[in-house]
Amino acid sequence: MDVPTYVVGDVHGHRDELADALRESKLVDENDEWCGADAHLWFLGDFVDRGPDGVGVIDLVMRLQEQAAEAGGSVQALLGNHEILLLGMYHFGDTEVPSDFGPRSFARSWEINGGQPEDQDALTDDHIEWLSTRPLIAHTGKHLLMHSDTLEYLDWGDTEEEINETAQEILAGNDLATWWDVWRRMTTRYAFRGAHGAEVAAQLLEQLGGERIVHGHSVIADQLGIHPTQIEAPYLYAGGKVLGVDGGLFVGGPCLVVPLPWEPED
Ligand SMILES: [Mn+2]
């Protein structure tokens, strides 16, 4: 039998809602300790910003990662654009980005995009080290996991390994312009929507591998034109080639813990 596998999208500082959702899926117990045995749990990034306790989310994920590994399971995490923003703010603050398009800085973007001073204050060397070494994309089973619904990842390489390696080199360095470029590219969205969405998704899957893309970053309710409180399930689209899992926690939607492979109910 396949190992039970779950994926969680953008938590954005809602630590307690995440714990409750994981408890409902029987992955953590009443004390927020791992009880998922050999299950595999993937996070698609955007742990921080907009909500009250981003570093609390990171702490929970880091602890569950250790506990799951001890239990024969696995907790893994990708970086979202908001982790790049958090780290960029931490490393570069209000240093101006070299640009022809007027003044810009991580500090300004961080503020505009829901950055929380408490999160910056709570960051430790352990958090920085852990975050800076997470991948941007990954595969689990037949799924290609990525935070953002964008093709911009291909700018860093032609394979999963190349993309993650390039990103990690950038994040290990101190070149503000290339850091900024990662933030900017990962903030784009909607590559798999519209008349050619299925075709675009199929091409990306052919190149990077996998049969279905699973992403966060773009709130499902925005894609469907309904209110986030109406969301109860992930969003399968682009001819079934793409699954969006961001329930829109920061705008009142649910924290979806999505079992993979996910199939819509009839
Ligand atoms: Mn995002």
Side-chain angles (χ1 to χ4, degrees), residues 7-15 17-18 21 42-58 61 76-90 104 106-116 119-120 127 130-132 134-138 143-156 163-164 167 170-171 179-193 197 201 204 213-224 228 231 234-235 237-238 242-258:
V7 63
V8 174
D10 312 45
V11 181
H12 281 306
H14 291 266
R15 187 231 174 260
E17 290 87 339
L18 169 63
W42 282 90
F43 288 93
L44 301 188
D46 276 11
F47 298 119
V48 297
D49 300 344
R50 307 198 198 281
D53 192 10
V55 170
V57 175
I58 295 170
V61 172
Q76 303 291 338
L78 304 182
L79 293 176
N81 54 319
H82 282 267
E83 279 70 54
I84 307 299
L85 192 55
L86 179 89
L87 293 168
M89 174 65 188
Y90 180 86
R104 49 193 63 199
F106 271 110
R108 181 154 168 68
S109 280
W110 173 79
E111 205 179 315
I112 292 170
N113 288 282
Q116 305 291 309
D119 284 341
Q120 287 291 329
H127 295 128
W130 186 81
L131 288 168
S132 305
R134 294 311 97 197
L136 291 194
I137 64 170
H143 300 86
L144 168 60
L145 309 181
M146 52 206 296
H147 173 73
S148 307
D149 42 334
T150 180
L151 301 180
E152 298 285 326
Y153 291 96
L154 296 175
D155 190 70
W156 300 302
I163 291 167
N164 288 331
I170 294 170
L171 300 186
W179 267 82
W180 183 262
D181 194 54
V182 178
W183 154 247
R184 187 183 61 77
R185 288 181 189 279
M186 285 187 68
T187 303
T188 60
R189 66 176 82 247
Y190 293 155
F192 313 119
R193 285 178 49 157
L204 186 64
I213 294 162
V214 181
H215 72 80
H217 185 56
S218 293
V219 174
I220 295 167
D222 293 342
Q223 303 211 49
L224 294 174
I231 298 298
Y235 175 43
Y237 67 107
V242 184
L243 186 70
V245 300
D246 180 3
L249 203 39
F250 79 97
V251 280
C255 181
L256 299 176
V257 180
V258 179

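Because the structure is predicted, anything quoted here is derived from the model rather than measured. Atoms within each ligand, like the ligands themselves, are counted from 1 in listed order.
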With respect to the Mn ion (ligand 1), please indicate if H217 possesses an N, O or S atom at a distance under 2.8 Å. yes
Determine the minimum heavy-atom distance between I231 and P254, stating which atoms define it. O-CG, 3.2 Å
Under 2.8 Å from the Mn ion (ligand 1), is there any N, O or S atom belonging to D246? no
If I consider every N, O or S atom in D46, which one ends up closest to the Mn ion (ligand 1)? I only need its name. OD2
Using the side chain to side chain contact (heavy atoms under 4.5 Å, CB included) rule, take Q120 and L86 through it: C-alpha gap first, then chi angles, then the decisive distance, then the call. CA-CA 7 Å; Q120 287 291 329; L86 179 89; 3.7 Å; yes
Angle at the Mn ion (ligand 1) (to 10°), with one arm to OD1 of N81 and the other to NE2 of H147: 80°
Any side-chain heavy-atom pair from V242 and D149 closer than 4.5 angstrom? no
Hey, mind stepping through E83 and H147 against side chain to side chain contact (heavy atoms under 4.5 Å, CB included) and telling me if it holds? CA-CA 11 Å; E83 279 70 54; H147 173 73; 5.9 Å; no
